[in-house]
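Structure first, commentary second.
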Amino acid sequence: MHDRTLGASGPVVSALGLGCMGMSALYGEADRTESLATVHAALDAGVTLLDTGDFYGMGHNELLIGEALRTAGAGARDRVVLSVKFGALRDAGGGWNGYDGRPAAVKNFLAYTLQRLGTDHVDVYRLSRLDPAVPVEETVGAIAEEVEAGRVRHIGLSEVGAETIRRAAAVAPISDLQIEYSLFSRDIEVETLPVCRELGIGVTAYGVLSRGLLGGHWTRDRALAPGDFRGLSPRFSGENLDRNLALVEALRATAEQKGVTVAQAAIAWVLSRGEDIVPLVGARRRDRLAEALGAVDVALDAADLAAIEDAVPADEVAGTRYPEALMAHLDS
Ligand SMILES: NC(=O)c1ccc[n+]([C@@H]2O[C@H](COP(=O)([O-])OP(=O)(O)OC[C@H]3O[C@@H](n4cnc5c(N)ncnc54)[C@H](OP(=O)(O)O)[C@@H]3O)[C@@H](O)[C@H]2O)c1
């Protein structure tokens, strides 16, 4: 496993991070035993970045990661960088009730997170979506106080746009912006990524497999459990899905010529975008993890990159990356 550094001020992490969300939420039921085995397999393979959110399964994901680290052998906690998102307000019915970035809320969320993870610090702490009622300076200032106190090591951002990034970076050093970036979602290349590079902020890219669409295993008739995010996603519905799966098939032909799978081509493409970008993959089974890890050593030359981008022209992707109501929460 290679390492990358998150921005000018951030930690050194493995070139590929493990996103643990799907082990607790949003993609239907996950198998707990297999989830724990997947985290352990990732650690064994040299993955040192684990990403979670306190609202993934309302604490479930943090408890799961805490257990995985406790059972992974001595020193496991100290070898990993724990990236935690907070701020989403949920209800027991699974509803989303906005975001809370008030300083007192930041400190409250963190106190519970430390308890659930079974640790005395979070490595990268970030508000999951901008709270429109609270200036980002106040939220980042509160996290900076937790850095001072030793309970947080680095400050991250999530799904915010250029202006917010600049305002946040004026308050305290920012290690990385977490944002969707994939062959299917290239919007950040226009403004957001250049601003991150100007300010020395890294990117942890999520949705690298477009939540499974670009995984190469998705089928038209796949049944979705109630509450699966993809049941609401414009990219997974109706005619959009047919058009997007046609792009995946074009990518499959290109990937096969290179001797890799669709998922490996999609992950390797994101890895090729720059040393400042760390893809998070949402594997929740060991077989998917092993496939994803195979992308780390895939070298793509200029001809390979051109063939991949010809197979998946960004402007031919059908549907927005979130349903309309959730798009409204994106400052990015
Ligand atoms: N900051 C934010 O706003 C935000 C938003 C969303 C996610 N995230 C973070 O980013 C992480 C990754 O996001 P994601 O899970 O949506 O993205 P993803 O990696 O694009 O999609 C994961 C899905 O792809 C499928 N898949 C197919 N082949 C795979 C392979 N070889 N390896 C891994 N997965 C494969 C899996 O579906 P099956 O399991 O059904 O096969 C899996 O559920 C999350 O876990 C979370 O930590 C952050």
Side-chain angles (χ1 to χ4, degrees), residues 16-31 34-35 38-39 41-42 45 47 49-57 61-62 64-65 82-88 96 99 124-130 156-160 176-185 188 203-219 222-225 228-231 233 235-236 248 251-252 255 260-270 278-296 298 321-322 326-327 329-332:
L16 214 61
L18 181 65
C20 301
M21 177 183 81
M23 298 176 183
S24 300
L26 294 160
Y27 294 157
E29 278 293 300
D31 180 312
E34 183 60 27
S35 295
T38 303
V39 176
V47 171
L49 174 63
L50 299 181
D51 185 73
T52 182
D54 60 10
F55 51 93
Y56 292 161
N61 206 238
E62 291 180 325
L64 183 85
I65 291 174
L82 288 174
S83 157
V84 181
K85 290 178 294 300
F86 67 91
W96 298 85
Y99 296 88
V124 187
Y125 202 47
R126 68 185 91 236
L127 181 63
S128 60
R129 294 286 181 276
L130 189 68
L157 298 170
S158 171
E159 284 291 356
V160 289
D176 65 298
L177 168 69
Q178 190 170 111
I179 196 158
E180 187 162 356
Y181 188 35
S182 72
L183 277 166
F184 271 17
S185 301
I188 72 164
V203 167
T204 40
Y206 77 81
V208 167
L209 298 175
S210 200
R211 300 169 178 273
L213 251 188
L214 271 171
H217 306 287
W218 202 266
T219 53
R222 178 163 161 166
L224 290 174
D228 190 317
F229 164 83
R230 297 168 294 199
S233 168
R235 289 188 174 169
F236 285 81
V248 173
L251 180 61
R252 192 185 307 279
V260 300
T261 68
V262 174
Q264 288 168 342
I267 297 166
W269 180 85
V270 175
V278 174
L280 298 170
V281 292
R284 47 189 196 160
R285 292 176 5 203
R286 283 168 289 180
D287 57 345
R288 296 283 195 250
L289 173 73
E291 182 186 14
L293 289 169
V296 174
V298 175
R321 57 194 182 94
Y322 282 96
L326 298 184
M327 286 297 283
H329 294 156
L330 302 178
D331 175 69
S332 48

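Remember, it's 1-based here, ligands and their atoms both numbered in the order they're listed. Note that the structure is a prediction, hence the values are computed from the model and not measured.
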Contact summary for [X] and [Y], nearest pair of heavy atoms:
X    : Y    : value
V208 : P279 : CG2-CB, 3.8 Å
A42  : L18  : CB-CD2, 3.9 Å
A225 : G28  : CB-CA, 4.0 Å
L16  : I267 : CD1-CG2, 3.5 Å
A30  : G22  : CB-O, 3.6 Å

Near [X], which atoms of ligand 1 are under 4.0 Å from a heavy atom of that residue?
X    : value
S210 : 20 (O)
G215 : 27 (C), 28 (N)
K85  : 1 (N), 48 (C)
E291 : 30 (C), 31 (N)
A292 : 31 (N), 32 (N)
S158 : 1 (N), 2 (C), 3 (O)
M21  : 6 (C), 7 (C), 16 (O), 44 (C), 45 (O), 46 (C)
H217 : 27 (C), 28 (N)

Ligand 1-proximal atoms of [X], by part, heavy-atom distance under 4.0 Å:
X    : result
Y56  : side chain
V208 : backbone
A283 : both
S182 : neither
F229 : neither
E180 : neither
S128 : neither

Next on the checklist: For F236 and W218, take the angle between the two ring planes, folded into 0 to 90°, and tell me which bin it lands in: parallel under 30, tilted 30 to 60, perpendicular over 60.
Outcome noted: perpendicular
Next on the checklist: I'd like to know whether ligand 1 has Y322 as a neighbour, heavy-atom separation below 4.0 Å.
Outcome noted: yes
Specify the protein heavy atom at minimum distance from [atom]: its residue, its atom name, and the distance to 0.1 Å.
atom                    : value
atom 19 (O) of ligand 1 : G282 N, 2.9 Å
atom 24 (O) of ligand 1 : G212 CA, 3.2 Å
atom 11 (C) of ligand 1 : G19 CA, 3.6 Å
atom 3 (O) of ligand 1  : R129 NH1, 2.7 Å
atom 14 (P) of ligand 1 : Y27 OH, 3.5 Å
atom 37 (O) of ligand 1 : R230 NH1, 3.9 Å
atom 39 (O) of ligand 1 : R284 NE, 2.9 Å
atom 7 (C) of ligand 1  : Y206 CD1, 3.5 Å

Closest to [atom] among [options] (heavy-atom distance):
atom                    : options          : answer
atom 46 (C) of ligand 1 : L49, D51, L177   : D51
atom 35 (C) of ligand 1 : L209, T204, L326 : L209
atom 40 (O) of ligand 1 : R222, R211, R288 : R222
atom 1 (N) of ligand 1  : E159, M23, Q178  : Q178

Checklist entry - Are any of the side-chain nitrogens in R285 or E291 under 4.0 Å away from the carboxylate oxygens of its partner? => result no
Item to check | Lys/Arg-Asp/Glu bridge criterion (N-O < 4.0 Å) met for E34, R284 | outcome: no
Under 3.5 Å donor-acceptor, [X] side chain and [Y] backbone:
X    : Y    : result
N61  : C20  : yes
T261 : Q264 : yes
S158 : S128 : yes

Next on the checklist: With respect to V281, determine whether any N or O atom, backbone or side chain, lies less than 3.5 Å from an N or O atom of ligand 1.
Outcome noted: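 Checking ligand 1 against V281, no N or O pair falls under 3.5 Å apart.
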Item to check | Rounded distance [0.5 Å steps], CG in L130 versus OG in S332 | outcome: 10.0 Å
Item to check | CA sep, side-chain torsions, deciding dist, call: R126, S83, side chain to side chain donor-acceptor pair (under 3.5 Å) | outcome: CA-CA 8 Å; R126 68 185 91 236; S83 157; 3.1 Å; yes
Next on the checklist: Please evaluate residues Y322 and F229 with respect to the criterion ring pair (Phe, Tyr, Trp, His ring centres under 6.0 Å), reporting the C-alpha separation (whole Å), side-chain torsions for both, the decisive distance (0.1 Å), and the verdict.
Outcome noted: CA-CA 9 Å; Y322 282 96; F229 164 83; 5.7 Å; yes
Next on the checklist: Could you tell me if S185 and R235 have a donor-acceptor pair between their side chains, going purely by distance under 3.5 Å?
Outcome noted: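 Yes, because at least one side-chain N or O of R235 sits under 3.5 Å from a partner of the opposite role on S185.
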Next on the checklist: Assess, by modelled atom type and distance only, whether the side chains of K85 and Y125 contain a donor and an acceptor separated by less than 3.5 Å.
Outcome noted: no
Checklist entry - Is the cationic atom of R230 (NZ for Lys, CZ for Arg) positioned less than 6.0 Å from the six-membered ring centroid of Y27 and within 45 degrees of its normal? => result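 The answer is yes, since R230 meets both limits relative to Y27.
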